[in-house]
Amino acid sequence: MRAKITYFVLAAVLVVYFVLVGSRGVLLIEQGTAITVTFGVAVLILPLIGLWFLWHTTRFARRAGILARELEAEGGLPVDELRRTPGGRIDRDSADEVFARRQAETEEAPGDWRTWFRLAVAYHDARDTPRARKAMQHAIALHDKKPVRS
């Protein structure tokens, strides 16, 4: 719950920032000179990119949460069986062992979104965030029965 609150607070701060930056872009455009109009348009593009990124990230997190709740209701969430260092960090060898099992499970049932979800968690535990995100996107696509892009 704390992570959700932090996410929404940061998202709200970003939206306020985007509005402030956008208003500066409008002020530059209103000046009417070639340079200020060019800068104004450039300044307006940045908040649009930021809003697009924020929207996609929020949509991804919401859809991944739906999958997690559904998997939890089925009793299929992966159990935390990872060894940890004295400082609380995940032991790399332990994460690699779990990852190998999750990868084999996914290779046995490549059309099951549940195995891809668990593989995404294993990637995350192994600190491979880009692959974790791709695996979760694959799980979402399979869950929604959409064609999966490679």
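When a residue number appears, it is its place in the shown sequence, counting from 1.
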Undergrad: Please report the closest heavy-atom contact between V21 and P47, naming both atoms and the distance.
TA: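 Between these two residues, the closest heavy atoms are CG1-CG, 3.7 Å.
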Undergrad: Donor-acceptor check, side chain of W116 to backbone of P110, threshold 3.5 angstrom: yes or no?
TA: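 Yes; judged by distance alone, with no hydrogens or angles, the pair exists.
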Undergrad: Under 4.5 Å between side-chain heavy atoms, counting indirect links through other Ile/Leu/Val/Met/Phe/Trp/Tyr residues: same cluster for I5 and F8 or not?
TA: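 Not linked; separate clusters.
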Undergrad: Closest approach of G32 and T36, non-hydrogen atoms and distance?
TA: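 Minimum heavy-atom contact is N-OG1, 3.8 Å.
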Undergrad: Checking Y123 against T129: is there a side-chain donor and acceptor pair closer than 3.5 Å?
TA: no
Undergrad: So among E81, E108, E107, which one has a salt bridge (charged side-chain N to carboxylate O under 4.0 Å, His left out) with R101?
TA: E81
Undergrad: Is there a path of hydrophobic side-chain contacts, each under 4.5 Å between heavy atoms of I/L/V/M/F/W/Y residues, joining V26 to I49?
TA: yes
Undergrad: Count the heavy atoms of every other residue, nucleotide or ligand shown that sit under 6.0 Å from CZ of R133, and state whether that count exceeds 12.
TA: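 Count over threshold, so yes.
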Undergrad: State plainly whether one hydrophobic cluster holds both L46 and L51, where clusters connect Ile, Leu, Val, Met, Phe, Trp and Tyr through side-chain heavy atoms under 4.5 angstrom apart.
TA: no
Undergrad: Are Q103 and L119 close enough, and set up right, to give a side chain to side chain contact (heavy atoms under 4.5 Å, CB included), and what steps lead you there?
TA: CA-CA 6 Å; Q103 188 175 29; L119 181 64; 4.2 Å; yes
Undergrad: Taking atom CZ of F53 as the centre, report whether more than 12 heavy atoms of other residues, nucleotides or ligands fall under 6.0 Å from it.
TA: no
Undergrad: State whether the side chain of T57 and the backbone N or O of L54 hold a donor-acceptor pair below 3.5 Å, judged by distance alone.
TA: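 Here the side-chain-to-backbone pair does not exist.
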Undergrad: Under a 3.5 Å distance rule, please check whether S94 uses its side chain to pair with a backbone N or O of R83 as donor and acceptor.
TA: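 Between the backbone of R83 and the side chain of S94 there is a qualifying donor-acceptor contact (under 3.5 Å).
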Undergrad: Does the R127 side chain pair with the main chain of I90, one donor and one acceptor, at a distance under 3.5 Å?
TA: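 Side chain of R127 to backbone of I90: a pair is present.
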Undergrad: Can you tell if the side chain of L67 reaches within under 4.5 Å of the side chain of I140, non-hydrogen atoms only?
TA: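 When only atoms from C-beta onward are counted, I140 and L67 do touch, with a gap below 4.5 Å.
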Undergrad: Is it the case that atom OH in Y7 sees more than 12 heavy atoms from other parts of the structure closer than 6.0 Å?
TA: yes
Undergrad: Determine, stepwise, if the pair R118 / T106 fulfils side chain to side chain contact (heavy atoms under 4.5 Å, CB included).
TA: CA-CA 9 Å; R118 289 188 282 267; T106 304; over 6 Å; no
Undergrad: Under 3.5 Å, is there a donor-acceptor pair between the side chain of T115 and the main chain of A109?
TA: yes
Undergrad: Is there a continuous path of hydrophobic side-chain contacts, each under 4.5 Å between heavy atoms, that joins F60 to L71?
TA: yes
Undergrad: Do you know which two heavy atoms are closest between A126 and D96, and how far apart they sit?
TA: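 Taking A126 first and D96 second, the nearest heavy atoms are CB-OD1, 4.5 Å.
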Undergrad: Side chain to side chain contact (heavy atoms under 4.5 Å, CB included), that's the test. Do L20 and V16 meet it? Break it down for me.
TA: CA-CA 6 Å; L20 291 173; V16 169; 4.2 Å; yes
Undergrad: Does atom CZ (F18) have a neighbourhood of more than 12 heavy atoms from anything else shown, all under 6.0 Å?
TA: yes
Undergrad: How long is the gap from OG1 on T6 to CZ on R2, to the nearest 0.5 Å?
TA: 6.0 Å
Undergrad: Quick one: CD1 on I29 to OG1 on T38, what's the gap to the nearest 0.5 Å?
TA: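 It is 9.5 Å, given to the nearest 0.5 Å.
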Undergrad: Under 4.5 Å between any side-chain heavy atoms of V121 and F117, yes or no?
TA: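 Yes. Closest side-chain heavy atoms under 4.5 Å.
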Undergrad: Does R102 come within less than 4.0 Å of E105, counting only side-chain N to carboxylate O?
TA: yes
Undergrad: Which of parallel (below 30°), tilted (30 to 60°) and perpendicular (above 60°) describes W113 and H143?
TA: perpendicular
Undergrad: Is there a path of hydrophobic side-chain contacts, each under 4.5 Å between heavy atoms of I/L/V/M/F/W/Y residues, joining V15 to Y17?
TA: yes
Undergrad: Pair L142, R114 - check side chain to side chain contact (heavy atoms under 4.5 Å, CB included), show working.
TA: CA-CA 9 Å; L142 287 171; R114 294 160 187 85; over 6 Å; no
Undergrad: Once you round to the nearest 0.5 Å, how far does CG of D125 lie from CG of L82?
TA: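 Going from CG on D125 over to CG on L82, the span is 5.0 Å.
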Undergrad: Is any side-chain heavy atom of V37 closer than 4.5 Å to a side-chain heavy atom of Q31?
TA: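 No; the side chains remain at least 4.5 Å from each other.
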